[in-house]
A.B. asks: 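Just passing along the structure, written as structure tokens.
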Amino acid sequence: MFALIDCNNFYASCEEVFNPSLSKKPLIILSNNDGCIIARSKKAKELGIQMGDPAYLFKERVDRGEIQMLSSNFTLYADMSQRVMQTLESYSPQMEIYSIDEAFFELEDRSADRLCEDGLKIRQKVKQWTGIPVSIGIAPTKTLAKIANETAKKHPEFSGVRVLISQFEIRKQLEKTEPEDIWGIGSALAQRLRTGRIYTACELIDREDRFIQHLIGISGYRTVLELRGISCFPFEEESEKKQSIVCSRSFGRKVSDIRDLEESVAAFASRGAEKLRNQKSRASFLSVFIATSPFVQPYESRSCHIELPNPTSFTPELIRLAKKGLRSIYRPHFAYKKAGVLLGDFVDENSEQIDYLTPGNENPKKTKLMQTIDRINRRYGKNAVQFAAEGLDPSWRSNRANASPKFTTSWNELLKIQDLA
DNA sequence: TCTGGGGTCCTAGGACCC
DNA sequence: TCTGGGGTCCTAGGACCC
């Protein structure tokens, strides 16, 4: 049995924990650069506001006070996520953290009533300890647990916990489930299914194996097996290391000057190197990309790929290569809107294969330097120490006009119960 | 004027091998 | 006129997820 615990309207809920008055009106949370909507409270969803809608469409209604709008505050969301996960861990350390707001449990096969009872207890505890409402779906496979969870969220009569075990109930539910609402079926595959005259999950599981595989590939076929109750996506407890790391941002304004772009890719390389060291990896390649706005013609987007003779996580080296790569793809007179750095092909810090012909990078002094910088920044906050190449107060930085305080991670931004001033 | 960021897996086609 | 069969590895692009 799998249980999927999923936070309701997670980012919006995080904001409401610290500012309950936000729950009175629809609330939307914006992406980086205040570009588009990435989270909505229940009331905002009821207005029909879609994930990914551009923010400017709602500016008037925000000005009129009908809708509340916040920039994203990922520092807060990440911390709240940790609290939720820790609470869940107190039930069972065997847990798969699937995303910032979701986790799977593996459960023993017990009666539906007992499973439901346990679910309600977990839900109650998370709410009490963190203030975050969650929904729980329990079923024989992950894909079915996802569907159970969705229905728990949608229909209040389940009180936030739905157990989907009996063949009869599963089938009844699948008759009401559209292909797009199945985990792993997106708009493209759903369209393909429609060409095969499949309009519900139930019609999908009743089709021939060969036909399904031909239509939507091996991944789609696995999803169908899961819907039939055959588990194909195993429980994955240990969080594995990332295989690639991307750091990229849209700029707050259009950028044409190569010096600004250099600062930005230096900053992204630096952030990437930090993440790399965090998971004790070194990168064997780095790519850099820059792009103009995809909504304005002509669209210009270029990237380059640089192999590293010796895998490294040493920031100055990665900055140097990022800037070198940038210069090879930069073309003047374009209004760039976005840049990024991708690191990949990782090797473990401790099992490095050294190039016979090139002198190694990782002398102990460099390693020590990076460790020290990381320690200072962990203790005194992001960018307490940084590289000059990243620019001090850069003008290309993303917009973030309406962010809530870092209530839980910064002494200067603690929640004020009453303003004594 | 204004439209995010960070990932994973699969597949088809090209290059190559015997 | 007639030009094999079977395989691996790599990569770019597509599709998906949150």
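All values below come from the heavy atoms of this structure, side chains included, with hydrogens, waters and symmetry mates left out. Note on naming: letters A, B, ... go to the chains in the order of the sequence lines (proteins, then strands), and numbering restarts at 1 for each one.
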A.B. asks: Round to a whole Å and report the spacing from OH of Tyr56(A) to C1' of dG4(B).
C.D. replies: 15 Å

A.B. asks: Could you tell me whether Ile100(A) contacts a base, only the sugar-phosphate backbone, or nothing, with contacts defined as non-hydrogen atoms closer than 4.0 Å?
C.D. replies: nothing

A.B. asks: From dC17(C), dG6(B), dT3(B), pick the nucleotide closest to the side chain of Lys146(A)?
C.D. replies: dC17(C)

A.B. asks: What is the distance, to the nearest angstrom, from the CD atom on Glu150(A) to the P atom on dC17(C)?
C.D. replies: 12 Å

A.B. asks: Provide the distance between the two P atoms, one in dT3(B) and one in dC18(C), to the nearest whole Å.
C.D. replies: 25 Å

A.B. asks: Please give, in whole Å, the distance from dC17(C) P to Glu226(A) CD?
C.D. replies: 14 Å

A.B. asks: As a test of reading the structure: which of dC18(C), dA15(C), dT3(B) is closest to the side chain of Leu189(A), going by heavy atoms?
C.D. replies: dA15(C)

A.B. asks: For Thr315(A), run the side-chain contact (heavy atoms from CB on, under 4.5 Å) check against Arg320(A), Gln386(A), Met370(A) and tell me which one passes.
C.D. replies: Met370(A)

A.B. asks: Identify whether any heavy atom of Ser187(A) sits under 4.0 Å from a base atom; if not, whether one sits that close to sugar-phosphate; answer base, sugar-phosphate or nothing.
C.D. replies: sugar-phosphate

A.B. asks: In whole angstroms, how far is the P atom of dG7(B) from the CZ atom of Phe74(A)?
C.D. replies: 13 Å

A.B. asks: Quickly work out the Asn399(A) CG to dG5(B) P distance and round it to whole Å.
C.D. replies: 11 Å

A.B. asks: Has Tyr98(A) got its ring stacked on dC18(C), by the test of a centre gap below 5.5 Å and a plane angle below 30°?
C.D. replies: no

A.B. asks: Applying a 4.0 Å non-hydrogen cut-off, can you work out what Arg253(A) is touching in the nucleic acid: base, sugar-phosphate, or nothing?
C.D. replies: nothing

A.B. asks: Please confirm whether the backbone N or O of Ala188(A) pairs with a side-chain atom of Gln191(A), one donor and one acceptor, at under 3.5 Å?
C.D. replies: no

A.B. asks: For a quick check of understanding: with a heavy-atom distance under 4.0 Å over all strands, which category does Leu57(A) fall into, base, sugar-phosphate or nothing?
C.D. replies: nothing

A.B. asks: Closest to the Lys242(A) side chain: dA15(C), dT8(B), dG4(B)?
C.D. replies: dT8(B)

A.B. asks: In terms of side-chain heavy atoms of Ala188(A), which of dG4(B), dC17(C), dA15(C) is nearest?
C.D. replies: dA15(C)

A.B. asks: Where the side chain of Ser219(A) is concerned, which of dC16(C), dG4(B), dC10(B) is the nearest nucleotide?
C.D. replies: dC10(B)

A.B. asks: What is the nucleic acid contact for Ser244(A), judged by heavy atoms within less than 4.0 Å: base, sugar-phosphate only, or nothing?
C.D. replies: sugar-phosphate

A.B. asks: Under 4.0 Å, heavy atoms only, any strand: does Leu30(A) hit a base, just the sugar-phosphate, or nothing?
C.D. replies: nothing

A.B. asks: Does Tyr77(A) use its side chain to pair, donor to acceptor, with the backbone of Asp101(A) at less than 3.5 Å?
C.D. replies: no

A.B. asks: On DNA chain B, does the nearest nucleotide to Gly217(A) precede the nearest nucleotide to Ser398(A) from the 5' side, or the other way round? Give the residue.
C.D. replies: Ser398(A)

A.B. asks: To the nearest angstrom, how far is Lys254(A) atom NZ from dT1(B) atom C1'?
C.D. replies: 7 Å

A.B. asks: Out of dG6(B), dG4(B), dC17(C), which nucleotide sits closest to the side chain of Ile38(A)?
C.D. replies: dG4(B)

A.B. asks: At under 4.0 Å, does any side-chain N or O of Gln243(A) touch on OP1 or OP2 of dC9(B)?
C.D. replies: yes

A.B. asks: If I take atom CD in residue Glu236(A) and atom P in nucleotide dC9(B), what distance separates them, rounded to the nearest angstrom?
C.D. replies: 8 Å

A.B. asks: Is the terminal nitrogen or CZ of Lys254(A) (NZ for Lys, CZ for Arg) located under 6.0 angstrom from the six-membered ring centre of Tyr336(A) and within 45° of that ring's axis?
C.D. replies: no

A.B. asks: On DNA chain B, does the nearest nucleotide to Ile218(A) precede the nearest nucleotide to Val246(A) from the 5' side, or the other way round? Give the residue.
C.D. replies: Val246(A)

A.B. asks: What contact category does Lys59(A) fall into here, base, sugar-phosphate, or nothing, at under 4.0 angstrom with non-hydrogen atoms?
C.D. replies: nothing

A.B. asks: Could you check whether Arg222(A) gets within reach of a base, just the sugar-phosphate, or nothing at all, counting any heavy atom under 4.0 Å?
C.D. replies: sugar-phosphate

A.B. asks: Does the cation-pi check pass for Lys338(A) over Phe251(A), that is, NZ or CZ under 6.0 Å from the six-membered ring centre and within 45° of its axis?
C.D. replies: no

A.B. asks: Is any side-chain nitrogen or oxygen of Lys337(A) closer than 4.0 Å to OP1 or OP2 of dT3(B)?
C.D. replies: yes

A.B. asks: Just how far, in rounded Å, is C1' of dT3(B) from CD1 of Ile29(A)?
C.D. replies: 17 Å

A.B. asks: Any side-chain N or O of Lys142(A) less than 4.0 Å from the OP1 or OP2 oxygen of dC17(C)?
C.D. replies: no

A.B. asks: Determine, for Lys43(A) against Glu46(A), whether the closest basic-nitrogen to carboxylate-oxygen distance falls under 4.0 angstrom.
C.D. replies: no

A.B. asks: For Asp101(A), report the nucleic acid contact type (base, sugar-phosphate, nothing); a contact means any heavy atom under 4.0 Å.
C.D. replies: sugar-phosphate

A.B. asks: So what does Ile182(A) hit on the nucleic acid, given a heavy-atom distance under 4.0 Å: a base, only sugar-phosphate, or nothing?
C.D. replies: sugar-phosphate

A.B. asks: Can you find a side chain N or O atom of Ser248(A) that sits less than 4.0 Å from OP1 or OP2 on dG4(B)?
C.D. replies: no

A.B. asks: Under 6.0 Å from the six-membered ring centre of Phe211(A) and within 45° of its axis: does the NZ or CZ of Arg207(A) meet both?
C.D. replies: yes

